[in-house]
Amino acid sequence: MQEREYLELLIQSLKKKLLLLNQIIVLNQQQKEMLMDENLDPDTLDVNVREKDELISQVTQLDDGFDEVYAHIADLMKKNHSDYEEELDRMRELIRQIMAKDASIRTDEQRNYELAQKKFARVKKQIREVKTSQKMVNRYYQNMMQQRQADIQYMDNKK
């Protein structure tokens with residue numbers, strides 16, 4: 001492969017990464033809406049997290065492939081830098097866009113993490129309240145059963 005073909009491969013990799021990051025941003029927005037919804041279906045959130053995990057895995061694979069290809073041609077690029085200025089400029093612009101998206105994703109992830117913590121704290125509180133209510137109902141039931149047995153013991157069986 002010639003250097004220009006390697007550079008095109010790197011550019012295509014960066015474009016694909018940019019598309020994947022855009023999809024992650026969309027999923028982050030959906031996740032935010034889900035976490036703010038009082039009637040959240042846990043399965044829906046789970047699907048969202050799985051989809052995002054798959055996209056992140058693809059981004060990691062792209063990064064690994066990019067690093068391999070770049071390592072292969074890095075020396076040639078440094079020697080003949082001026083010959084590939086146009087391709088390098090496109091790569092720089094794509095990398096700037098990727099960095100901006102990455103910063104946005106990190107901010108969204110932090111916000112969603114905080115929303116999830118609050119959501120889970122509310123759910124835990126609701127579970128505690130349900131358990132407390134259930135204990136009170138059981139005590140009431142046991143108390144009523146004991147009173148009923150006491151009433152039966154004092155009943156006059158004469159006819």
Side-chain angles (χ1 to χ4, degrees), residues 1 3-74 77 86-151:
M1 246 184 178
E3 288 79 21
R4 290 203 191 286
E5 290 174 345
Y6 282 118
L7 284 173
E8 275 304 313
L9 185 62
L10 292 175
I11 290 169
Q12 292 304 316
S13 175
L14 291 171
K15 287 179 179 179
K16 173 113 174 149
K17 182 174 181 176
L18 199 55
L19 290 172
L20 291 172
L21 293 176
N22 285 331
Q23 292 174 355
I24 290 172
I25 288 171
V26 169
L27 289 174
N28 274 344
Q29 183 61 35
Q30 290 173 354
Q31 191 176 52
K32 175 187 171 190
E33 292 168 6
M34 287 179 210
L35 290 169
M36 295 176 81
D37 182 6
E38 291 297 321
N39 301 317
L40 172 67
D41 177 19
D43 293 334
T44 307
L45 182 63
D46 187 51
V47 168
N48 177 282
V49 170
R50 288 176 194 261
E51 287 176 7
K52 195 162 56 167
D53 187 47
E54 177 59 34
L55 291 174
I56 291 169
S57 175
Q58 289 178 30
V59 167
T60 302
Q61 289 174 350
L62 280 174
D63 285 345
D64 292 345
F66 184 93
D67 291 343
E68 275 185 46
V69 173
Y70 184 78
H72 183 70
I73 64 167
M77 299 299 301
E86 182 182 329
E87 290 89 351
L88 293 173
D89 285 342
R90 287 195 310 185
M91 287 175 59
R92 283 186 202 104
E93 178 56 31
L94 288 168
I95 290 171
R96 273 192 284 278
Q97 292 175 20
I98 287 169
M99 297 303 287
K101 300 273 184 201
D102 186 53
S104 172
I105 288 171
R106 289 179 191 274
T107 302
D108 291 346
E109 287 288 332
Q110 182 62 35
R111 179 202 58 224
N112 286 351
Y113 175 77
E114 291 168 4
L115 285 172
Q117 294 293 29
K118 290 177 185 175
K119 181 78 164 179
F120 296 141
R122 278 195 309 269
V123 168
K124 285 180 183 179
K125 182 180 176 187
Q126 289 173 343
I127 290 171
R128 276 193 303 272
E129 289 172 358
V130 167
K131 285 183 178 180
T132 302
S133 297
Q134 193 174 29
K135 285 180 185 177
M136 289 174 47
V137 167
N138 285 338
R139 286 186 198 143
Y140 175 78
Y141 177 75
Q142 288 172 352
N143 191 14
M144 293 306 290
M145 291 304 290
Q146 288 174 355
Q147 284 183 355
R148 189 167 182 216
Q149 286 178 346
D151 290 345

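By convention here, the first residue in the shown sequence is residue 1. All values below were derived from every heavy atom in this structure, side-chain atoms included, with hydrogens, water molecules and symmetry-related copies excluded.
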>> Quick one, Asp64 with Gln61, criterion side-chain contact (heavy atoms from CB on, under 4.5 Å). Give me CA distance, side-chain angles, the key distance, then yes/no.
In response: CA-CA 5 Å; Asp64 292 345; Gln61 289 174 350; 5.6 Å; no
Arg90 vs Glu87, test: side-chain contact (heavy atoms from CB on, under 4.5 Å). Steps then yes/no. CA-CA 5 Å; Arg90 287 195 310 185; Glu87 290 89 351; 4.2 Å; yes
| query | Ser133 side chain to Glu129 main-chain N or O, any donor-acceptor pair under 3.5 Å? | reply | yes
- Do Phe66 and Met91 pass the side-chain contact (heavy atoms from CB on, under 4.5 Å) test, and can you show the C-alpha distance, the side-chain angles, and the key distance before you say yes or no? CA-CA 12 Å; Phe66 184 93; Met91 287 175 59; 3.8 Å; yes
field: Residue pair Lys135, Thr132: steps toward the side-chain contact (heavy atoms from CB on, under 4.5 Å) verdict
entry: CA-CA 5 Å; Lys135 285 180 185 177; Thr132 302; 5.8 Å; no
Applying salt bridge (Lys or Arg N to Asp or Glu O under 4.0 Å) to Arg92 and not counting sequence neighbours gives Glu85, Asp89
Q.
Quick check against the 3.5 Å criterion: does Ser57 have a side-chain atom that pairs as donor or acceptor with the backbone of Asp53?
A. no
Would you be so kind as to tabulate the donor-acceptor pairs closer than 3.5 Å made by side chains of residues 112-120, with sequence neighbours excluded?
{"unit_1": "Asn112", "atom_1": "ND2", "unit_2": "Asn28", "atom_2": "O", "d": "3.1"}
{"unit_1": "Asn112", "atom_1": "ND2", "unit_2": "Gln31", "atom_2": "OE1", "d": "3.0"}
{"unit_1": "Tyr113", "atom_1": "OH", "unit_2": "Gln117", "atom_2": "NE2", "d": "2.6"}
{"unit_1": "Glu114", "atom_1": "OE2", "unit_2": "Gln110", "atom_2": "NE2", "d": "3.1"}
{"unit_1": "Lys119", "atom_1": "NZ", "unit_2": "Asp37", "atom_2": "O", "d": "2.5"}

Sorted by chain and number, sequence neighbours left out, salt bridge (Lys or Arg N to Asp or Glu O under 4.0 Å) with Asp63 holds for Lys17
Please tabulate, for side-chain N and O atoms in residues 42-50, each donor-acceptor pair with protein atoms closer than 3.5 Å (sequence neighbours left out).
{"unit_1": "Thr44", "atom_1": "OG1", "unit_2": "Asp41", "atom_2": "OD2", "d": "3.2"}
{"unit_1": "Asp46", "atom_1": "OD2", "unit_2": "Arg50", "atom_2": "NE", "d": "2.8"}
{"unit_1": "Asp46", "atom_1": "OD2", "unit_2": "Arg50", "atom_2": "NH2", "d": "3.3"}
{"unit_1": "Asn48", "atom_1": "ND2", "unit_2": "Leu27", "atom_2": "O", "d": "3.1"}

By salt bridge (Lys or Arg N to Asp or Glu O under 4.0 Å), Glu93 pairs with (sequence neighbours left out) Arg96
The salt bridge (Lys or Arg N to Asp or Glu O under 4.0 Å) partners of Lys101 (sequence neighbours excluded) come to none
